[in-house]
Amino acid sequence: MSESAAAAAPDTGERPELKRVMGPGLLLLFVVGDILGTGVYALTGKVAGEVGGAVWLPFLCAFVVAMLTATSYLELVTKYPKAGGAAVYTHKAFGIHFLTFLLTFAVMCSGLTSASSASKAFAANFFSAAHIDPDRGAVLMITALAFMTLIALVNLRGVGESVKANVVLTCVELSGLLIVIGIGAWALIGGDGDTSRLTDFHVPDGESSFGAVTAATALAFFAMVGFEDSVNMAEETKDPVKIFPKMMLIGLSITGVIYVLVAISAVALVSPDELNKGATPLLKVVQAGAPGFPLEVFAWITMFAVANSALINMLMASRLLYGMSHERVLPGPLGRVLRKRRTPYIAILFTTLLAFALIGYADLAALGGTTAFLLLCVFAIVNVAVLVLRRDKVEHKHFNAPTALPVLGVVLCVYLASPLSGRDSADYKIAGWLMLVGVGLWAITWLLNKYVFKRHADFDPSHLDPQGPVN
């Protein structure tokens, strides 16, 4: 990075520079790997249930919305190459501590809902791999809770993930989707698929085709989130101002194409109604298109993909709680760490209990929808922030998003987050309860700081390292 670029970075105090190890190739794999995950593996069937055979269209629409918001992130990360995360950008643009807290807590909650949906998907694929058909939903729930407990134990022990490990995880996740695409292409070439379903819209009574597509897009957006996490790697990228725009846009395009092809393969081989049953839609696609393919292998690939998503999201959630406690905007006990492991055990236990409640209360579609809703709200604020920060000039060159893109991004994000899109009311209930928990904790801390400890909480988000969720 040039001297002028370094000078433009925000002053966050004396701290050592991170090692810049990520070139274009590793950054591209990071972006692709962060987007791939639970969303497409678990929710393809739920999207088909909303729109019918044209399941590829909501994924395409979600890709467009993600691309618009990505341009805002690119302007911000290349303008402030040492800053990372929506919380920092929001605080820099508006300077309202409570708004920054709400946004940061929303990111944390999106990690919990994403991890909880991954737990449910893991449980469903586990029984498929073991050739067990549980006759009770309680069995699936217990398995999901046990899986989340295992994630908590790993989190308590401490997990250090390197970029090279991310490459391996990305290849495994990607291999499962390429298998689905390959099986779909082979079946279609052999004349086994039914391409007429691709233009078949399933429109509920009293609803328009547009309404059905937007409702499905509001859910499918869960599959596209994750790209925003890459901005947290700015300080470890060799030349972020130069390579970030190209690699993020290429990475988004690759995943968009993969998702559309997976959706086409899925609906051509399995009817939308059948896809919508259960939590293993892609496993049904493999079974229909290649009966001789070892289903256990694909089930384990899916389990590996969603397990990785759950672990990363729970690590992020506990880390954010720890950071906010350290800044005295959440109760102090959340910042306690184990003496030997140096892991935030109270924050881990608290987030795990919230995840337990989500697993027991909400179904897979509601958890995915809530994740998308929370992040659509975050993205809407980021799209506004990039316009506000146009008044803050920096000396170095950086990516400039055409003004129309963040404006359109705000409109689309707000629309998809609103009831006008046909979003399920359960999304608002789950998000509302989670945010109420956060505001309650914040209020308790504020009162204690003001009247008990005689000091005000001072939230400085530059000390945090907020991470967005992986599908």
Side-chain angles (χ1 to χ4, degrees), residues 1 18-42 59 62-63 66-67 69-71 73-74 76-78 81 84-85 111 114-115 118 159-182 222-262 282 298 300-316 319 375 399 465-471:
M1 182 171 60
L18 297 176
K19 187 176 181 180
R20 297 189 179 277
V21 297
M22 295 188 72
L26 287 179
L27 182 61
L28 177 61
L29 284 169
F30 185 90
V31 172
V32 172
D34 232 8
I35 299 173
L36 298 178
T38 306
V40 70
Y41 275 101
F59 283 105
F63 162 74
M67 187 66 79
T69 301
T71 61
Y73 272 97
L74 286 175
L76 291 168
V77 74
T78 56
S114 180
V159 178
E161 300 234 352
S162 67
V163 173
K164 291 183 179 180
N166 181 263
V167 171
V168 175
L169 301 177
T170 299
C171 291
V172 173
E173 293 172 344
L174 182 59
S175 67
L177 300 179
L178 292 180
I179 287 172
V180 173
I181 294 172
F222 176 40
M224 290 305 305
V225 299
F227 66 88
E228 73 281 358
D229 286 347
S230 63
V231 301
N232 294 299
M233 304 302 294
E235 291 188 58
E236 290 152 288
T237 302
K238 293 179 179 179
D239 191 350
V241 175
K242 181 178 179 181
I243 72 174
F244 244 99
K246 183 181 294 184
M247 292 304 104
M248 182 181 283
L249 296 178
I250 291 176
L252 267 171
S253 299
I254 290 174
T255 53
V257 170
I258 289 174
Y259 283 175
V260 169
L261 292 177
V262 167
L282 298 190
F298 189 82
W300 280 103
I301 289 175
T302 303
M303 290 165 61
F304 188 87
V306 300
N308 181 56
S309 296
L311 176 59
I312 291 175
N313 276 285
M314 293 304 290
L315 285 169
M316 176 275 294
R319 187 179 182 186
L375 289 178
F399 181 87
D465 184 15
Q467 307 264 338
V470 181
N471 286 331

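Computed from heavy atoms alone, side chains included, the values below leave out hydrogens, waters and symmetry copies.
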S.K.: I want to check something: taking the side chain as every heavy atom from C-beta on, are Ile179 and Ile301 in contact at a cut-off of under 4.5 Å?
M.R.: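 Of all side-chain heavy-atom pairs linking Ile301 with Ile179, at least one is under 4.5 Å.
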S.K.: What pairs with Ala115 under side-chain contact (heavy atoms from CB on, under 4.5 Å), at least two apart in sequence or on another chain?
M.R.: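 In terms of side-chain contact (heavy atoms from CB on, under 4.5 Å), with neighbours along the sequence ignored, Ala115 is linked to Met148, Ala310, Asn313, Met314.
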S.K.: Within the 4.5 Å heavy-atom criterion, are Val40 and Leu177 side-chain neighbours or not?
M.R.: yes
S.K.: Please find the pair of heavy atoms, one from Phe399 and one from Pro245, that lie closest to each other, and give the distance.
M.R.: CD1-CB, 3.8 Å
S.K.: Flag the pair Val262 / Leu282 as yes when at least one side-chain heavy-atom distance between them is below 4.5 Å, and no otherwise.
M.R.: yes
S.K.: Do Arg319 and Leu315 have side-chain heavy atoms sitting under 4.5 Å apart?
M.R.: no
S.K.: Specify the closest pair of heavy atoms between Val172 and Tyr41, including all atoms of both residues, with the distance to one decimal.
M.R.: O-OH, 4.4 Å
S.K.: Between the main-chain N or O of Leu252 and the side-chain N or O of Thr255, is there a donor-acceptor pair closer than 3.5 Å?
M.R.: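 Answer holds: yes.
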S.K.: Examine distances only and state if a side-chain atom of Ser114 and a backbone atom of Gly111 form a donor-acceptor pair shorter than 3.5 Å.
M.R.: no
S.K.: Give, for atom CG of Leu28 and atom CE of Met248, the distance between the pair rounded to the nearest 0.5 Å.
M.R.: 11.5 Å
S.K.: Taking Ala223's backbone N and O only, do any of them form a donor-acceptor pair with Tyr259's side chain (distance below 3.5 Å, no angle check)?
M.R.: yes
S.K.: Quick one: are Leu249 and Met67 in side-chain contact, heavy atoms under 4.5 Å?
M.R.: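 SC-SC contact between Leu249 and Met67 confirmed.
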S.K.: Measuring from Met224:CE to Leu36:CG, what's the distance to the nearest 0.5 Å?
M.R.: 9.0 Å
S.K.: Heavy-atom distance under 4.5 Å between the side chains of Tyr73 and Phe227, does that happen here?
M.R.: yes
S.K.: Closest heavy-atom contact between Ile181 and Ile258?
M.R.: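 Looking at all heavy atoms of both residues, the closest pair is CD1-O, 3.9 Å.
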S.K.: Rounded to the nearest 0.5 Å, what's the gap from CG on Leu74 to CE on Met247? Could you check?
M.R.: 11.0 Å
S.K.: If I take atom OG1 from residue Thr302 and atom CD from residue Glu173, how far apart are they, to the nearest 0.5 angstrom?
M.R.: 10.0 Å
